[in-house]
There are 2 protein chains.
Amino acid sequence: MNEQTAEIVRRLKDHGINPTAQRIEIAQVLLARFTHMSADEVFQIVNKTEPRVSKATVYNTLGLFADKGLVREVIVDPSKIFYDSNVGPHHHLYNVTTGELRDIDQQHMQVVGLPPLPPGTTVEGMEVVVRVRDERGSPSS
Amino acid sequence: MNEQTAEIVRRLKDHGINPTAQRIEIAQVLLARFTHMSADEVFQIVNKTEPRVSKATVYNTLGLFADKGLVREVIVDPSKIFYDSNVGPHHHLYNVTTGELRDIDQQHMQVVGLPPLPPGTTVEGMEVVVRVRDERGSPSS
DNA sequence: CTTAATGCAAAGGCTTTGCAGAGAC
DNA sequence: GTCTCTGCAAAGCCTTTGCATTAAG
């Protein structure tokens, strides 16, 4: 077990997640880089180089990671959930044409003010999504 | 045709939508109040009091309305799309426990700053979602 | 040996699609 | 008569679930 894997295991344990082989693989795919991936993308990548992890395990594991706070679910597309390895406060820019999702950090954009919360509720999270699309017709046409 | 219906028809036409009977019914359900409804909710309500509109027509019509800018799609829940009759600039508060979605108007919360856009893209929309949950365990327990 | 995790396949929920029939002008 | 819209049912896609098998301590 190399250094990188050791850290992944540590992070899993820190979040109360039993570090099994499949979970370590999935975590390595998702946590190695600061990207956003759908469950299916994770499934593809994990099974490209490594032994084999079933689709059910990928979905269940990602759900577990999200519950435990290791990754963040990002809801920007009605057809799939994105998993974000960046758990810190930041926002998102979503290209509806290409499906690409990228981070916007706080220094570029901030939310000011807090709305009155309904009684008996607590804030679970806050999310800003800027939706962009590729320009089709040129601006001058 | 009463006054209210006449206005609905006008709004449909203004958005380039051919005002058929079904479309008028759906528009009345959705535009009468400032609410957010899923396609299925619209389907239920339309068929509670009125002749009958098929599920396919409800889905297709809502998609058409969104395309034409008559309503706004709100993506906050991976399992369904909400349609918002409020097209003006505002944000959303989503209760993940109850599934309730409500508006936050701009005076309560604003976004400051604009992120650098990827070249060749234009902003299609911006959305802030505050996610709350009902308190279960009491804060002092 | 006992408990937890994985894999497979089936089921589920929301939405879209194909195509025939009905409606509008 | 022609063009558009509607409705039904089937298909599609992502995700969850049930249950037997396998792995771990």
Side-chain angles (χ1 to χ4, degrees), chain A residues 1 8-9 12-13 15-30 36-47 50-68 70-71 73-83 94 96 99 101, chain B residues 1 8-9 12-13 15-30 36-47 50-68 70-84 94 96 99 101:
Chain A
M1 185 185 289
I8 292 287
V9 170
L12 289 173
K13 286 181 178 169
H15 287 269
I17 300 166
N18 193 358
T20 66
Q22 289 86 340
R23 288 171 181 172
I24 293 170
E25 302 217 355
I26 292 170
Q28 274 175 328
V29 167
L30 195 48
H36 313 82
M37 291 193 251
S38 66
D40 195 62
E41 285 173 324
V42 173
F43 173 73
Q44 304 294 342
I45 294 174
V46 167
N47 286 309
E50 297 295 336
R52 185 133 227 296
V53 182
S54 75
K55 194 161 263 191
T57 297
V58 171
Y59 276 91
N60 292 334
T61 298
L62 291 172
L64 176 69
F65 285 3
D67 280 352
K68 299 294 189 181
L70 186 63
V71 301
E73 285 184 345
V74 183
I75 316 293
V76 290
D77 187 302
S79 73
K80 57 173 176 284
I81 298 172
F82 283 95
Y83 291 91
Y94 185 56
V96 298
L101 180 63
Chain B
M1 184 184 287
I8 293 288
V9 170
L12 289 173
K13 286 180 179 169
H15 287 268
I17 300 165
N18 193 359
T20 66
Q22 289 86 341
R23 288 170 181 173
I24 293 170
E25 303 216 356
I26 292 170
Q28 275 176 327
V29 167
L30 195 50
H36 313 81
M37 291 193 253
S38 65
D40 195 62
E41 285 173 324
V42 172
F43 175 73
Q44 303 293 344
I45 293 174
V46 166
N47 287 309
E50 298 294 339
R52 187 133 227 296
V53 182
S54 75
K55 195 161 262 192
T57 297
V58 170
Y59 275 92
N60 292 333
T61 299
L62 290 172
L64 176 69
F65 285 3
D67 279 351
K68 297 294 188 179
L70 185 64
V71 301
R72 176 175 164 190
E73 285 184 344
V74 183
I75 315 295
V76 290
D77 188 302
S79 72
K80 57 174 177 284
I81 299 172
F82 284 95
Y83 291 90
D84 187 350
Y94 185 57
V96 298
L101 180 63

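The model shown is predicted, which means the values in this text are computed figures rather than measured ones. Residue numbering restarts at 1 for every chain, and letters A, B, ... go by the order of the sequence lines.
For A/Lys55, the side-chain hydrogen bond (donor to acceptor under 3.5 Å, both in side chains) partners are A/Asp40, not counting sequence neighbours. Under the salt bridge (charged side-chain N to carboxylate O under 4.0 Å, His left out) criterion, A/Arg23 pairs with no residue at all, not counting sequence neighbours.
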May I have the list of side-chain donor-acceptor pairs in residues 58-67 of chain B shorter than 3.5 Å, sequence neighbours left out?
from, atom 1, to, atom 2, distance (Å)
B/Asn60, ND2, B/Ala56, O, 3.1
B/Thr61, OG1, B/Thr57, O, 2.6

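Here the side chain of B/Arg23 is nearest to one of C/dT6, D/dT6, C/dA4, namely D/dT6. Counting only heavy atoms from C-beta on, A/Lys55 has its side chain closest to D/dT15 among D/dT15, C/dT15, C/dG7. Of the listed nucleotides (C/dT6, C/dC14, D/dC5), D/dC5 has the atom at the smallest distance from the side chain of B/Asn18.
Here the straight-line distance linking atom OH of B/Tyr94 with atom CG of B/Asp77 works out to 3.5 Å at 0.5 Å rounding. Atoms NZ and CG, on B/Lys68 and B/Leu70 in that order, are 11.0 Å from each other to the nearest 0.5 Å. With rounding to the nearest 0.5 angstrom, the NZ atom of B/Lys13 is 9.0 Å from the CG atom of B/Asn18.
For the pair B/Ile24 and B/Pro19, the tightest heavy-atom approach, listed with the atom from each and the gap, is CD1-O, 3.7 Å. The shortest non-hydrogen separation linking A/Phe43 to A/Val53 is CE1-O, 3.3 Å.
A close approach under 4.0 Å does occur between a side-chain nitrogen or oxygen of B/Ser54 and OP1 or OP2 of D/dG7. A sub-4.0 Å separation between OP1 or OP2 of C/dT15 and a side-chain N or O of B/Tyr59 is present. A close approach under 4.0 Å does not occur between any side-chain nitrogen or oxygen of B/Thr20 and OP1 or OP2 of D/dC5.
Non-hydrogen atoms lying under 4.0 Å from DNA chain C are contributed by B/Ser79, all within residues 70-79 of chain B.
The CD1-P distance, from A/Ile81 to C/dC14, rounds to 14 Å in whole Å. In this structure, A/Ile24 atom CD1 and C/dT6 atom P are separated by 10 Å, rounded to whole Å. D/dT16 atom C1' lies 13 Å from atom CG of A/Asp67, rounded to whole Å. Atom P of nucleotide D/dT6 and atom CD1 of B/Ile26 are separated by 8 Å, given to the nearest angstrom. For the pair B/Lys80 NZ and D/dT15 P, the interatomic distance rounds to 15 Å; values are reported in whole Å. If you measure from atom CZ of B/Phe82 to atom P of C/dT15, you get 10 Å, rounded to the nearest angstrom. Separating the CD atom of B/Glu41 from the P atom of C/dG13 is a distance of 16 Å, rounded to the nearest angstrom. In this entry the distance linking CD of B/Gln22 with P of D/dC5 reads 11 Å, nearest Å.
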Heteroatom pairs (N/O) under 3.5 angstrom, protein to nucleotides 20-25 of chain C:
none

Identify the pairs formed between an N or O of the protein and an N or O of nucleotides 18-25 of chain D at a distance under 3.5 Å, and give each distance.
none

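Side chain of B/His36 to backbone of B/Leu101: a donor-acceptor contact under 3.5 angstrom is found.
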Evaluation steps, side-chain contact (heavy atoms from CB on, under 4.5 Å), between A/Val29 and A/Glu25 | CA-CA 6 Å; A/Val29 167; A/Glu25 302 217 355; 5.8 Å; no

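Within the 4.5 Å cutoff, the side chain of B/Leu30 has heavy atoms near those of the B/Tyr83 side chain.
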